[in-house]
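The structure appears below as structure tokens.
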Amino acid sequence: MLSRMKTLRVDIWSDIACPWCYVGKRRLESALAEFSDRDAVRIVWRAFELDPAAPRALDNPTPYAARLARKYGASLAQAQTMIDRMVSVGAQDGIAFDFQNIRPGNTFDAHRVLHLAGEQGLQDELKERYLRGYLSEGRAIADPNVLVSLAAEIGLDAERVSALLASDDFAAEVRADEEQARGHGIQGVPFFVFAERYAVSGAQSAELLVRVLERAWAELESRPEPAFAEGAICGPDGC
């Protein structure tokens, strides 16, 4: 029988504007479905901004393929190949990416609302809703009205979210997450830390994540040397 005091915490640094973060979330969910002690796992979403200098909104956003081409010094055809690959990867994990209609913007406020959701036990639900809204539905994730509307859909109080966005609430918490990321040497996301000792970088396979969950659970009371694994990530220079 499980000890009521035994909890396996998984801290995940990620951004809303990060397709690999959405894939990583799906793969962790698949891993948890195979993990016999999944009810003892506590997920904590940590803030990471891929582009902290991004404006709240772009009046005339560049098409996604052109943005990728410019970022990587590639042709439009090469950039479209990258997009097609990401769409295919997403589809395999049940995600319908729509890069053609993405509306880029700053994600700092979204991270602040996610901290509020964490206090109310709705962080995972809001993370899912914001990722789907931005990456699959073309919602402007930096628009306060969008943030309030999507948060209300998963059960947060709309007036409370509006008040948060009109204040500096949870700004310090977001900055603290980002400072922790720097302390861990995180340069791209998603980045998972299991039980404060096992690090996994990138959208790894569900099979690998199951193994890490099992190892972290088995050694929860011990202090082994840190372990590290790398996979596909989004960083400041792109995905």
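Along the sequence shown, residues are numbered consecutively beginning with 1. Quantities reported herein were computed from a predicted structural model and do not represent experimental measurements.
- The shortest heavy-atom contact between V23 and G90 is CG2-CA, 4.4 Å.
- R27 places no side-chain N or O within 3.5 Å of a backbone atom of K25 that could act as its donor or acceptor partner.
- Here the closest heavy-atom approach between residue F97 and residue P19 is recorded as CZ-O, 3.5 Å.
- Residues Q180 and D11 form no side-chain contact, since every pair of their non-hydrogen atoms from C-beta on lies 4.5 Å or further apart.
- Within the 3.5 Å criterion, the main-chain N or O of N145 finds no donor-acceptor partner in the side chain of S149.
- Follow the hydrophobic side-chain contacts under 4.5 Å out from F108 and you never reach L164; the two are in separate clusters.
- Side-chain contact, D177 with H115: a donor N or O sits under 3.5 Å from an acceptor N or O.
- Both Y22 and L150 belong to a common hydrophobic cluster when Ile, Leu, Val, Met, Phe, Trp and Tyr are linked at side-chain heavy-atom distances under 4.5 angstrom.
- Not one N or O on the side chain of R132 forms a donor-acceptor pair closer than 3.5 Å with the backbone of R129.
- The shortest side-chain heavy-atom distance between R56 and D109 falls under the 4.5 Å cut-off.
- Between the side chain of Q123 and the main chain of L114, a donor-acceptor pair closer than 3.5 Å is present.
- Heavy atoms of other residues, nucleotides or ligands lying less than 6.0 angstrom from CD of E153 number more than 12.
- The two residues V146 and R139 come nearest to each other via the heavy atoms CG1-CB, 3.9 Å.
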Go through V193 and V10 one step at a time and tell me if the side-chain contact (heavy atoms from CB on, under 4.5 Å) criterion holds.
CA-CA 6 Å; V193 177; V10 183; over 6 Å; no
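- Atom CG of residue N106 and atom CG of residue D51 lie 7.5 Å apart, to the nearest 0.5 angstrom.
- Side chain of Y64 to backbone of D98: no donor-acceptor contact under 3.5 angstrom is found.
- Geometrically, K6 engages W217 in a cation-pi contact defined by less than 6.0 Å to the ring centre and at most 45° from the axis.
- In this structure, E29 pairs ionically with R26, as a charged nitrogen and a carboxylate oxygen lie closer than 4.0 Å.
- Side-chain contact between E214 and V210 is present, with heavy atoms from C-beta onward closer than 4.5 Å.
- Atom CZ of R42 has 12 or fewer neighbouring heavy atoms from other residues, nucleotides or ligands inside a 6.0 Å radius.
- We find the CG-CG distance between N101 and L135 to be 12.0 Å, quoted to the nearest 0.5 Å.
- For R103, the CZ atom is loosely surrounded, since the number of other residues' heavy atoms within 6.0 Å does not exceed 12.
- Across all non-hydrogen atoms, the minimal contact from V113 to A151 is CG1-CB, 4.3 Å.
- Y134 is connected to M86 through a chain of hydrophobic side-chain contacts under 4.5 Å among Ile, Leu, Val, Met, Phe, Trp and Tyr, so both are in one cluster.
- Within the 3.5 Å criterion, the main-chain N or O of F48 finds a donor-acceptor partner in the side chain of H111.
- The closest side-chain donor-acceptor pair between K127 and S14 falls under 3.5 angstrom.
- Panel note: side chain S136, backbone G133; no donor-acceptor pair is recorded below 3.5 Å.
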Hey, mind stepping through L209 and E34 against side-chain contact (heavy atoms from CB on, under 4.5 Å) and telling me if it holds?
CA-CA 10 Å; L209 295 174; E34 299 296 322; over 6 Å; no
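- Minimum heavy-atom separation, R67 to I102: NH1-CG2, 4.2 Å.
- Judged by distance alone, with hydrogens and angles left aside, the side-chain atoms of D93 form no donor-acceptor pair with the main-chain N or O of I95 at under 3.5 Å.
- Rounding to the nearest 0.5 angstrom, the gap separating the CH2 atom in W45 from the SG atom in C21 is 7.5 Å.
- When only modelled atom types and interatomic distance are considered, Y72 and Q78 share no side-chain donor-acceptor pair under 3.5 Å.
- Looking at S30, its side chain never comes within 3.5 Å of a backbone N or O of A206 through a donor-acceptor pair.
- Annotation: the span from L147 atom CG to L156 atom CG amounts to 11.0 Å, rounded to 0.5 Å.
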Yes or no on side-chain contact (heavy atoms from CB on, under 4.5 Å) for R160 and L165, after CA distance, side-chain angles and deciding distance?
CA-CA 9 Å; R160 176 67 183 94; L165 293 172; over 6 Å; no
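- The OG atom of S162 lies 8.5 Å from the CG atom of D157; values are rounded to the nearest 0.5 Å.
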After noting the C-alpha distance and the side-chain angles of L32 and V41, does the key distance pass the side-chain contact (heavy atoms from CB on, under 4.5 Å) rule?
CA-CA 8 Å; L32 289 170; V41 177; 3.9 Å; yes
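- When all heavy atoms of W13 and A47 are compared, the closest pair comes out as CD1-O, 3.4 Å.
- We find the CG-OH distance between L8 and Y198 to be 10.0 Å, quoted to the nearest 0.5 Å.
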Can you list the steps and then say if E179 with R182 is a salt bridge (Lys or Arg N to Asp or Glu O under 4.0 Å)?
CA-CA 5 Å; E179 182 62 30; R182 286 188 285 273; 2.8 Å; yes
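- Annotation: side chain of L116 is in contact with side chain of F170 (closest heavy-atom distance under 4.5 Å).
- Using a cutoff of 4.0 Å between basic side-chain nitrogens and carboxylate oxygens, E173 and R46 are not scored as salt-bridged.
- Residues V200 and L220 are members of one and the same hydrophobic cluster, defined by side-chain heavy-atom contacts under 4.5 angstrom among Ile, Leu, Val, Met, Phe, Trp and Tyr.
- Put simply, the side chain of D15 never gets that close to the backbone of C18: no donor and acceptor are under 3.5 Å apart.
- Under the 4.5 Å side-chain contact rule for hydrophobic residues, F192 and L208 share a cluster.
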